[in-house]
Amino acid sequence: MNTVTRAHLTETIYTEVGLSRNESADLLETVLERMCRALEAGESVKISGFGTFSVRQKGRRIGRNPKTGVEVPILPRRVLVFRPSQVLKAHVNHTPPPAGDDE
Amino acid sequence: MTKSELIAELSAANPHLLSRDVELIVATIFTEITAALARGERVELRGFGAFTVKRRDARTGRNPRTGEAVPVDEKAVPFFKAGKELRERVNHGKRTGEAG
């Protein structure tokens with residue numbers, strides 16, 4: 001299966017926007033970094049037509065090492081969740097996008 | 001943060017770019033990720049995370065209001081897994097224990 005990487009996205013920005021390859025790469029990096037910073041601050045990142053990245057707080061629970069069966073505490077932590085928009089879900093299924101709502 | 005706030009931040013940080021171009025850059029990134037997923041490809045951005053498509057088998061669902069059984073077709077769902085660096089940044093480097 002093909003994997004799309006930073007290099008592909010940089011190339012697309014280069015051809016679509018007409019910036020230099022270097023600047024295209026820098027801007028892609030800046031976009032990702034700004035999103036990371038917001039998430040790091042516990043803020044949600046909502047990209048209409050694509051989806052929402054949000055941070056969820058998880059409480060302490062008792063886990064178990066599946067190999068040894070030993071109980072270990074899993075400390076409270078913050079995890080990232082992504083909720084795809086209806087538009088993205090429709091694209092992935094090749095179905096018509098929902099009318100109106102593009103969240 | 002919304003897409004328009006992201007665009008505004010980028011514009012402020014790059015005063016030499018037209019805001020129209022900044023909008024196009026942001027749109028291009030998400031359009032391209034969407035297109036790759038629609039082709040069934042995966043998108044891997046080291047340090048940030050990976051977008052993949054997962055298959056869900058057909059199943060018999062239930063209308064939660066009426067309790068009536070309804071067939072749910074097989075479908076694909078977009079999935080995002082945060083990369084190691086982002087995961088740690090979100091969690092502020094807190095240890096999560098050794099489980100899992």
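This one's a predicted model, so the numbers in the text were calculated from it and none came from an experiment.
Annotation: Phe82(A) is not in aromatic contact with Phe79(B) [ring centroid separation under 6.0 Å not met].
Of all non-hydrogen atoms in Val77(B) and Val92(A), the two that sit nearest each other are N-CG1, 4.3 Å. Of all the heavy atoms in Pro78(B) and Lys89(A), the pair that sits closest is CD-CG, 4.0 Å. A pairwise comparison of heavy atoms in Glu16(A) and Leu24(B) identifies O-CD2, 3.7 Å as the closest pair.
In this structure, Arg39(B) and Val4(A) have side chains that are in contact, with non-hydrogen atoms separated by less than 4.5 Å. Within the 4.5 Å cutoff, the side chain of Leu80(A) has heavy atoms near those of the Phe80(B) side chain. You'll find the side chain of Asn91(B) stays beyond 4.5 Å of the side chain of Val79(A), heavy atoms only. Looking at Leu6(B) and Val45(A), their side chains never come closer than 4.5 Å, going by heavy atoms from C-beta outward. Using a 4.5 Å heavy-atom threshold, the side chains of Leu10(B) and Thr30(A) count as touching.
For chain B, the nearby parts of Thr12(A) are the backbone and the side chain; heavy atoms of each come within less than 4.5 Å. Contacts between Leu45(B) and chain A at a heavy-atom distance below 4.5 Å involve backbone atoms as well as side-chain atoms. Interface residue Leu17(B): only side-chain heavy atoms are found under 4.5 Å from chain A. Contacts of Val55(A) with chain B are made by side-chain atoms alone, with heavy-atom separations under 4.5 Å and no backbone atom involved. Looking at Ala35(B), there are no atoms closer than 4.5 Å to chain A (heavy atoms on both sides), in backbone or side chain. With a threshold of 4.5 angstrom between heavy atoms, Ile25(B) approaches chain A through its backbone and through its side chain. The contact between His94(A) and chain B is made entirely by side chain atoms (from C-beta outward), counting heavy-atom distances below 4.5 Å. With a threshold of 4.5 angstrom between heavy atoms, Arg60(A) does not approach chain B through any atom at all. For a residue to count as touching a neighbouring chain, one of its non-hydrogen atoms must lie under 4.5 Å from one of that chain's; by this rule Val53(B) touches chain A with the side chain only. Neither the backbone nor the side chain of Arg20(B) has a heavy atom closer than 4.5 Å to any heavy atom of chain A. Both the backbone and the side chain of Ile29(B) come within less than 4.5 Å of a heavy atom of chain A. Interface remark: Val81(A) contributes no atoms to any contact with chain B (heavy atom separation under 4.5 Å).
Using bins of under 30°, 30° to 60° and over 60° for the plane-to-plane angle, the ring pair Phe30(B)/Phe50(A) lands in the tilted bin.
For the pair Arg89(B) and Glu33(A), the salt-bridge criterion is met [side-chain N within less than 4.0 Å of a carboxylate O].
Counting heavy-atom pairs under 4.5 Å between each of Arg6(A), Lys58(A), Glu43(A), Arg37(A) and chain B puts Arg6(A) at the top.
Side chains of Glu23(A) and His16(B): a donor-acceptor N/O pair is present below 3.5 angstrom, by distance only.
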